[in-house]
Peer 1: 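Dumping the structure here so I can ask a few things about it.
Here is the naming used below: chain letters follow the sequence lines, and residue numbers restart at 1 for every chain. Since we're looking at a predicted model, the values are computed, not measured.
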Amino acid sequence: MVARIVEVEAYRGSDDPASHAFRGLTTRNAPMFGNPGHAYIYFTYGNHYCLNVTTQAPGTPGAVLFRAVQPVEGISAMRFFRPNVSDSELTNGPGKLTKALAISKSLNEHDMTLRGPLFVTDRGKSNFEIWSSTRVGIRSGLDRLWRFYINGNPYVSKKGGLREQQLLR
DNA sequence: TCGAAGATTCTA
DNA sequence: AGAATCTTCGAA
């Protein structure tokens with residue numbers, strides 16, 4: 001399966017009250033303190049896995065949450081993992097996309113920079129506008145516009161953040 | 001050891 | 001608007 005990342009959120013450490021790493025190292029958030037480019041996957045609300053990729057040097061917590069992706073290849077497989085929903089609802093949320101792509105805790109701390117079961121790659125330039133807004137589903141850190149998404153992309157999650165602003169072409 | 005909250009989703 | 005559902009965290 002192949003999907004294009006269309007919506008993400010940034011999380012940091014002790015300077016970010018919305019981050020799992022705000023209060024320091026714990027069993028769950030340990031990947032955030034590890035090597036960059038690795039998966040940080042956590043289970044939440046008793047139902048859903050959420051996928052992040054770590055971003056900082058070891059010892060400094062930081063990660064980017066995948067909030068929505070656009071199906072590119074293997075759409076029938078995604079439909080198998082998420083039956084009874086329309087194509088636009090297949091991957092337009094952090095819990096939805098992990099289910100559609102069959103991502104679970106077994107891939108936690110996986111190196112996403114190497115070719116393997118789960119990795120990120122650059123498929124070249126496209127024309128789109130990146131906008132930012134407040135992050136979704138958090139109660140603190142609302143002063144930061146750290147949700148980033150492709151403006152107008154139909155696979156961006158419906159429930160967006162506030163105070164949107166345009167960033168790049 | 002226990003209680004509360006949670007980077008969500010689905011249903012009524 | 002509210003339930004589902006359970007892991008993780010922090011306080012006691």
Side-chain angles (χ1 to χ4, degrees), chain A residues 1 3-56 60-71 75 77-110 112 118 120 130-150 153-165 167:
Chain A
M1 293 180 277
R4 175 197 198 193
I5 302 166
V6 298
E7 177 184 353
V8 298
E9 286 177 358
Y11 287 90
R12 307 219 302 188
S14 57
D15 62 341
D16 180 6
S19 172
H20 288 167
F22 180 59
R23 295 167 199 282
L25 178 68
T26 65
T27 307
R28 176 176 63 161
N29 68 24
M32 289 185 73
F33 290 77
N35 290 307
H38 287 236
Y40 167 44
I41 299 168
Y42 64 88
F43 188 67
T44 192
Y45 292 106
N47 283 304
H48 309 288
Y49 293 101
C50 291
L51 170 67
N52 299 249
V53 61
T54 57
T55 54
Q56 305 298 118
T60 303
V64 167
L65 169 69
F66 288 48
R67 279 200 59 86
V69 299
Q70 174 177 353
I75 298 177
M78 299 183 205
R79 285 201 203 96
F80 173 80
F81 292 118
R82 262 179 68 72
N84 304 321
V85 300
S86 65
D87 280 8
S88 64
E89 296 278 314
L90 219 40
T91 54
N92 65 338
K96 296 176 185 177
L97 72 90
T98 53
K99 186 163 188 196
L101 297 175
I103 294 168
S104 70
K105 204 100 184 264
S106 63
L107 290 167
N108 197 26
E109 301 199 84
H110 177 77
M112 294 171 66
L118 177 64
V120 176
I130 298 176
W131 287 47
S132 74
S133 76
T134 57
R135 292 169 290 181
V136 176
I138 56 172
R139 304 203 50 160
S140 51
L142 292 171
D143 54 320
R144 297 167 166 95
L145 303 185
W146 286 355
R147 168 176 172 260
F148 304 92
Y149 58 97
I150 296 178
N153 185 288
Y155 295 90
V156 168
S157 67
K158 291 260 159 123
K159 129 188 285 193
L162 305 172
R163 289 167 48 211
E164 294 159 308
Q165 68 177 28
L167 285 187

Peer 1: Is atom CZ of A:R12 surrounded by more than 12 heavy atoms (other residues, nucleotides or ligands) closer than 6.0 Å?
Peer 2: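 Atom CZ in A:R12 is not crowded, with 12 or fewer foreign heavy atoms closer than 6.0 Å.
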Peer 1: Do the side-chain N and O atoms of A:S133 and A:R147 include a donor-acceptor pair separated by under 3.5 angstrom?
Peer 2: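 A donor-acceptor contact under 3.5 Å links the two side chains.
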Peer 1: Any side-chain to backbone donor/acceptor pair from A:R82 onto A:L90? Under 3.5 Å, distance only.
Peer 2: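 Pair found, side chain donor or acceptor close to backbone of A:L90.
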Peer 1: Provide the Watson-Crick or G-U wobble partner of C:dT7, both distances under 3.5 Å; none if there is no partner.
Peer 2: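 Because both required distances fall under 3.5 Å, C:dT7 counts as paired with B:dA5.
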Peer 1: Can you tell me the distance, in whole Å, between the CG atom of A:L65 and the C1' atom of B:dG6?
Peer 2: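 Rounded to the whole Å, the gap is 13 Å.
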Peer 1: Write down the distance between CZ (A:R67) and P (B:dT9), rounded to a whole number of angstrom.
Peer 2: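 These atoms are roughly 7 Å apart.
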Peer 1: Between A:R139 and A:V85, who's closer to the 5' end of DNA chain B by nearest nucleotide?
Peer 2: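 Per heavy-atom nearest nucleotide, the more 5' residue is A:R139.
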Peer 1: What is the distance from NZ of A:K99 to P of B:dC10, rounded to the nearest Å?
Peer 2: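 Between P of B:dC10 and NZ of A:K99: 8 Å.
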Peer 1: Figure out the CG/C1' separation between A:L142 and B:dA7, and round it to whole Å.
Peer 2: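 To the nearest whole Å, that distance equals 12 Å.
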Peer 1: Check the phosphate of B:dT9 against A:H48, side-chain N and O only, distance under 4.0 Å to OP1 or OP2. Yes or no?
Peer 2: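 For B:dT9, OP1/OP2 do not have a side-chain N/O of A:H48 under 4.0 Å.
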Peer 1: Regarding A:Y11, tell me which of base, sugar-phosphate or nothing describes its non-hydrogen contacts under 4.0 Å with the strands shown.
Peer 2: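 A:Y11: base contact, heavy atoms under 4.0 Å.
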Peer 1: Roughly how many Å is it from CG in A:L162 to P in B:dA7, rounded to a whole number?
Peer 2: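 It works out to 17 Å between those atoms.
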Peer 1: Side chain of A:F43: nearest nucleotide among C:dC6, B:dT9, B:dA7?
Peer 2: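 Closest nucleotide to the A:F43 side chain: C:dC6.
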Peer 1: Checking all strands, does A:I138 fall into the base, sugar-phosphate, or nothing category for heavy-atom contacts under 4.0 angstrom?
Peer 2: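 Sugar-phosphate contact only - A:I138 comes under 4.0 Å of backbone atoms but never of a base.
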Peer 1: Roughly how many Å is it from CG in A:N29 to P in C:dT8, rounded to a whole number?
Peer 2: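 After rounding, the gap between these two atoms is 11 Å.
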Peer 1: Between A:L25 (CG) and C:dG10 (C1'), how many Å, whole number?
Peer 2: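 Atom CG in A:L25 sits about 15 Å away from atom C1' in C:dG10.
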Peer 1: Okay, side chain of A:T54, backbone of A:G37: is any donor-acceptor separation there less than 3.5 Å?
Peer 2: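 Answer holds: yes.
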Peer 1: When you measure from the side chain of A:N47, which nucleotide among B:dA7, C:dC6, C:dT5 comes out closest?
Peer 2: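 Between B:dA7, C:dC6, C:dT5, the one nearest the side chain of A:N47 would be C:dT5.
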Peer 1: Which one, B:dT8, B:dT9, C:dC9, comes nearest to the side chain of A:K96?
Peer 2: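 Of the options given, the side chain of A:K96 lies nearest B:dT9.
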Peer 1: Among B:dA7, B:dT9, C:dG10, find the nucleotide with the atom closest to the side chain of A:T26.
Peer 2: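 Closest of the options to the side chain of A:T26: C:dG10.
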Peer 1: May I have the distance from A:N84 (atom CG) to B:dT9 (atom P), rounded to whole angstrom?
Peer 2: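 To the nearest whole Å, that distance equals 17 Å.
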Peer 1: Please work out if A:K105 contacts a base, only the sugar-phosphate, or nothing of the nucleic acid, heavy-atom cut-off 4.0 Å.
Peer 2: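 Sugar-phosphate, no base atom in range.
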Peer 1: Does A:R135 make a cation-pi contact with A:Y11 (under 6.0 Å, within 45 degrees of the axis)?
Peer 2: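 The answer is yes, since A:R135 meets both limits relative to A:Y11.
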Peer 1: So, is A:R135 close to the B:dT8 phosphate, meaning a side-chain N or O under 4.0 Å from OP1 or OP2?
Peer 2: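 No, no such contact exists.
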Peer 1: Can you figure out which of B:dT8, C:dC6, B:dA7 approaches the side chain of A:Y45 most closely?
Peer 2: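 It is B:dT8.
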Peer 1: Could you tell me whether the side chain of A:Y42 has a donor or acceptor atom within less than 3.5 Å of a complementary atom in the base of B:dA7?
Peer 2: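 Between B:dA7 and A:Y42, which were checked side chain against base, a qualifying N/O pair under 3.5 Å is present.
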Peer 1: Looking across every strand, which nucleic acid part, if any, lies under 4.0 Å from A:R147 by heavy atom: base, sugar-phosphate, or nothing?
Peer 2: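 Touches nothing.
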Peer 1: Verify the contact: side-chain N or O of A:R23 to OP1 or OP2 of C:dG10, cut-off strictly under 4.0 Å; return yes or no.
Peer 2: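 For A:R23, the contact criterion (side-chain N or O under 4.0 Å from OP1 or OP2 of C:dG10) is met.
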Peer 1: Relative to the ring of A:H20, is the ring of A:Y40 parallel (under 30°), tilted (30 to 60°) or perpendicular (over 60°)?
Peer 2: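 If you compare the ring of A:Y40 with that of A:H20, the planes turn out perpendicular.
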